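Beneath this line is the structure, given in C-alpha cells, with notes to follow.
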2 protein chains.
Amino acid sequence: MPADRLVSAAHALYAGPMGTTENMRGRRPRLGARGPTVADVARLAGVSPMTVSRVINTETSVLPATRDKVRTAIATLGYVPNLAARSLAGGQQCRIALLHANPSAAYLSEFLMGSLAQASLIDAQLIVEQCDPLEPYQALVGRLSGHRVDAVLLPPPLCDDPALLAALEAAGLPVAQIATGRPAAFAHALTIDDEEAAHRMTTHLIGRGHRRIGFITGAANQTVSAARRAGYDRALADAGLPHDPRLVAQGDFTYRSGLLAATALLACVPRPTAIFASNDDMAAAAVAVAHRGHLDVPADLSVCGFDDSAMSRTIWPEITTVHQPIADMARQATALLAGTVRERSAAREASVRHVRVAFTIRHRASDGPPPLD
Amino acid sequence: MPADRLVSAAHALYAGPMGTTENMRGRRPRLGARGPTVADVARLAGVSPMTVSRVINTETSVLPATRDKVRTAIATLGYVPNLAARSLAGGQQCRIALLHANPSAAYLSEFLMGSLAQASLIDAQLIVEQCDPLEPYQALVGRLSGHRVDAVLLPPPLCDDPALLAALEAAGLPVAQIATGRPAAFAHALTIDDEEAAHRMTTHLIGRGHRRIGFITGAANQTVSAARRAGYDRALADAGLPHDPRLVAQGDFTYRSGLLAATALLACVPRPTAIFASNDDMAAAAVAVAHRGHLDVPADLSVCGFDDSAMSRTIWPEITTVHQPIADMARQATALLAGTVRERSAAREASVRHVRVAFTIRHRASDGPPPLD
DNA sequence: TGTCGTCATGGTAGCGCTCACAAAGAAGAA
DNA sequence: TTCTTCTTTGTGAGCGCTACCATGACGACA
C-alpha cells in the first residue's frame, strides 16, 4: 500500500530530530503529506520562519535580498499559506454576513463572486443569510450574534430598509450598504451616481435625436428610484426639452409594472420615440409591449434599461443599459468591513466610508435614432 | 480604557498556572476577549476538553449524562467552535473549486448558496473560478493544483465538456457534475430525471386537453437536451397521440433561438395549442412570439418551460416550469466531494455516487386548457 | 478469583502560523 | 572611540482544537 509507505517515510524523517531513544516510542506526526510549510520555506531560504511570514504578509522590514531568497524558495516549493493556521494564530476571526431577501435575484451571483473572492483573499468567513421579511428584525439580529457575525453586507433592497438598519446599528454591527440611494450615516456605502447615470443615458438618447423620451420610474420605496428620475429630468432640462408629464409612468421595478407603464406611454399621441426604464426588467417589458404593437426595436422605438442584469442580455434585441460593477462593489464592501472589524478589535476608532464607483453604459442593440416619419 | 482592563484580567487568569516568579515577566496572552473555548466549556461542565470535543463532533462514546452536562455548558456560555482551529488540528484541509463559464448564469446564485452553506457547515473552503473557454484545459488544471484545490464542482454547461472532464480525471481530481444528462464514470453526479420530468410536463399538458403540443429542443451539445426530447416523445406515444415532426423545432437554449423556433411552430396549420420549451428562456421567447401574434397566454396558447429560472418568474404571465432543486443539489455535491477528499486522505477507496434528486413541477399562470374554437 | 476485553474519559502533543519581545548588526551622534 | 538609535532577523510561546495513546472502571468469561 503506497499510503502506508508515505506515513512510514514521514515517520523516518521526523525520527531523526527526535533523537533520544526514549522518544522513539513517540507518536508519529499525525497523518502527514500535506503541503510545504513556512518551516520548509525557511529552511530552503536559510532564514527563520518569522522572516518568511513577514515576506508573505506585510513585506516591511525585510531586506530586498532576503525577500528575494524567500520568494524563490516559495516558488520552488509551491508553498501556499495555510489559511486556518493563519487566522488561528493571527486571532483575526472575521465573519461577514451577507443578508439577502431573494435567493434568485439576478445580481446576487455576481455579488457573491465579488465578496467571496475578497473574503478568501483576506481570510474572512462569508456567511449567507436569508432574511425573511416576516421575521422581526430583532430576531434576525439575535441570530446573527448567535453565529458570531462581526459585520453585515446589505445588497438592495435590504440596504434601504430603515427598520433593519436601525436594528443593526443598535446591535453595534458594522454595515456596508451596496447600491443604495441614501447611505446611512453609520454605515459604509458603495454606490454609483444613479442621478448622473440616468442623466448620461437620457443625454445619450437626446444625442441620438430623440425629443420625446418616455421614462418608467422605479419603486417609490427604493431610494435609487428618485435619483434616476432626477437624472432624467435634469437631462431634459439641460437640453431645453419640454417636460411632458404624460411621458413619465410609474413602475415598481417588476416586469409586470413595466408592461402597464409602457402600454400607457405608447398610447400617448404623439408617441414617444424612446423609452428609458429604471431597470432592465421593465425595459424588457417595454420591448414586449412594443413588439405586441408591431413596433420594431430599435427602428420604431428605442429602449434603454438600468442595471445590466441578465435579462438585458437574454432577450432580443439585447438592451442598452447602465452597468454597475456589482462584483467590484461587493469586493470593496467586504474589504471595508473586514478593515472595520480589525480596527475595532484593535480598539481604534473605525471610520465609515462612502465610496462612489464608476458606472459604464453598455451600448447594445435596443437603441438607435428615432424613426424619420 | 475598557480594553486594557480586559487584557489585564486575562493576564491575571493566566498568571496563576504560570506559577514560578521567573515566568512572571512573561508575556500577556495575546490580545484577548475572543469567545469562550473548549477549555471554558470543559471547566464549566467539569470534564476534559477532549470530552467536549467528542460531544461537539462524533457524539460517540460519551455517556448521556456527560453529554447533557456539556451541552448545557455550551448553551450557557454561547460557545461556538473555532473553525480555524478545528481544521488546523483536524488536518482536514478541503478546498473545493466551483468552475463556471458564465458569472451571470441564472442558476449560479442558487448554486452558490447551496454549496456555500454546506461548505461552511463542514468547514471546507470554496473557491470560485471562472473558466474561460479559450484557455486550454491543461492550464486551468495547472492553476487549480497551484491553488491546492482538492476537488471540483461542475455546473452546466461545463459538466458536459468531455475535454475538461478528461483533463480533470487525468489530474486525479475528484469531480461532481451537477445536472448533467450523461454522468461520467469517474465522477459524482447529481441529476434529476430529465426524461421523466419532460414526460410528466407533457403528460400534464395532454391531461389539460392539448392534442397538438409543440416542443422546442435544447442545444445539441448539451446532454440534457436529448433526455428532455425523449420524455416529450414518450408522453405523446403513451397517450397515443400522433407524432407530427413539424411540431418539434430546434433551439439552443437561448432566447433568440426560442423566438425563431416559436415563430416556426406557430406558423403550423393547424396551430399547436401548447408549446413546451426545453428551458425557460426559450419559453419566454415563445410567450413573446405569441403576444406579437395577438395570442393570449394561456387562453390561446399554453407555454411551459424547464429549469425554474428567474426568467420564468419575471415575465408575465409567469411560466409553468420544471423546478430542479439546484441549491440542494449543490449542497449534496459539496458534501460528496468533501467526503471523497477525506476518505482519500485516509487512504480508503473512494467510491463514486450518482444521485437522482426529485424534481417538482411549478404550476404557474402560463398554461391552461386549449381554446375551444 | 483472576484475566481479558470493552467502554468512557483524560493527558499530551502538535497542526502551521504569527505575536511580543530579544538579539544582533549597521548607522549615526557624542 | 563609545554610546545611542534604528533596522533587520531570530526566539519562544501559544492561538483553539483534535489525534493518538493511556488509564481506570466495569462486567464477562474461564
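Computed from a prediction, not measured in an experiment: that's the story for all the values here. All chains are named by letter (A, B, ...) in the order of the sequence lines, taking the proteins before the strands, and each is independently numbered beginning at 1. Only this structure's heavy atoms are used, side chains among them; waters, hydrogens and symmetry mates stay out.
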Practice item. Under the salt bridge (charged side-chain N to carboxylate O under 4.0 Å, His left out) rule, collect the residues that match up with E169(A), sequence neighbours excluded. Key: none
Practice item. Please report the closest heavy-atom contact between F111(A) and L98(A), naming both atoms and the distance. Key: CE2-CD1, 3.5 Å
Exercise for review: State whether T51(B) places a side-chain N or O below 4.0 Å from either non-bridging phosphate oxygen (OP1 or OP2) of dG10(C).
Suggested key: yes
Practice item. Mind calculating the distance between CZ (R54(A)) and P (dT7(D)) to the nearest angstrom? Key: 14 Å
**Study point:** Donor-acceptor contact below 3.5 Å, side chain S53(A) vs main chain P49(A)
**Key:** no
Practice item. Determine to 10° how strongly the helix from dT1(C)-dA30(D) to dG28(C)-dC3(D) is bent, judged from the axes of its five-pair ends. Key: 50°
Exercise for review: Hey, could you give me each pair passing salt bridge (Lys or Arg N to Asp or Glu O under 4.0 Å) that has a residue in residues 112-121 of chain B? Not counting sequence neighbours.
Suggested key: none
Point to revise | Pairing residues for D328(A) by the salt bridge (charged side-chain N to carboxylate O under 4.0 Å, His left out) criterion, not counting sequence neighbours | key: R331(A)
Exercise for review: Would you mind telling me which of D132(A), L164(A), L168(A) makes a side chain to side chain contact (heavy atoms under 4.5 Å, CB included) with L140(A)?
Suggested key: L164(A)
Check your understanding: Listed in order of residue number, which residues of residues 62-77 of chain B have a non-hydrogen atom at under 4.0 Å from DNA chain C?
Key -> V62(B), L63(B), T66(B)
Review point. Less than 4.5 Å apart, any side-chain heavy atom of V175(A) and any of H188(A)?
Key: no
Study note, to complete from the structure: Nearest heavy-atom approach of V141(A) to A171(A) is CG1-CB, 3.4 Å
Check your understanding: Mind checking what makes salt bridge (charged side-chain N to carboxylate O under 4.0 Å, His left out) contact with R67(B), not counting sequence neighbours?
Key -> E59(B)
Check your understanding: Judged by atom type as modelled, is there a donor-acceptor pair below 3.5 Å linking the side chain of T66(A) to the main-chain atoms of V62(A)?
Key -> no
Practice item. Side-chain contact test, heavy atoms from C-beta onward, threshold under 4.5 Å: evaluate it for L154(B) versus V152(B) and give yes or no. Key: yes
Practice item. May I have the distance from M50(A) (atom CE) to dG12(D) (atom C1'), rounded to whole angstrom? Key: 12 Å
Check your understanding: Within less than 4.0 Å of OP1 or OP2 of dC7(C), is there a side-chain N or O belonging to S61(B)?
Key -> no
Check your understanding: Can you tell which of dT18(C), dC17(D), dG16(D) lies closest to the side chain of L88(B)?
Key -> dG16(D)
Check your understanding: Can you check the N82(A) CG to dC17(C) P distance for me, whole Å?
Key -> 6 Å
Check your understanding: What's the CZ-C1' distance between R86(B) and dA19(D), to the nearest Å?
Key -> 14 Å
Taking only nitrogen or oxygen atoms into account, show me every contact under 3.5 Å that the protein makes with nucleotides 23-25 of chain C, one pair per line with its distance.
none

**Study point:** Nearest to side-chain heavy atoms of S53(B), which nucleotide of dT18(D), dC17(D), dC17(C)
**Key:** dT18(D)
Check your understanding: Counting just side-chain N and O atoms, does N57(A) come under 4.0 Å of either OP1 or OP2 of dT18(C)?
Key -> yes
Review point. Can you name the one residue among L112(A), L99(A), L108(A) that meets side chain to side chain contact (heavy atoms under 4.5 Å, CB included) with V128(A)?
Key: L112(A)
Review point. For R95(A), what residues pass the salt bridge (charged side-chain N to carboxylate O under 4.0 Å, His left out) criterion, not counting sequence neighbours?
Key: none
For nucleotides 23-27 of chain D, give me every protein contact, N/O to N/O, under 3.5 Å, one pair per line with atom names.
none

Study note, to complete from the structure: When every non-hydrogen atom of S115(B) is compared with those of A330(B), the smallest separation belongs to N-CB, 3.8 Å
Check your understanding: Which residues, if any, of residues 41-48 of chain B bring a heavy atom under 4.0 Å of DNA chain D?
Key -> none
Point to revise | Residues in side chain to side chain donor-acceptor pair (under 3.5 Å) contact with R353(A), at least two apart in sequence or another chain | key: none
Study note, to complete from the structure: T51(A) meets the side chain to side chain donor-acceptor pair (under 3.5 Å) criterion, sequence neighbours left out, with S48(A)
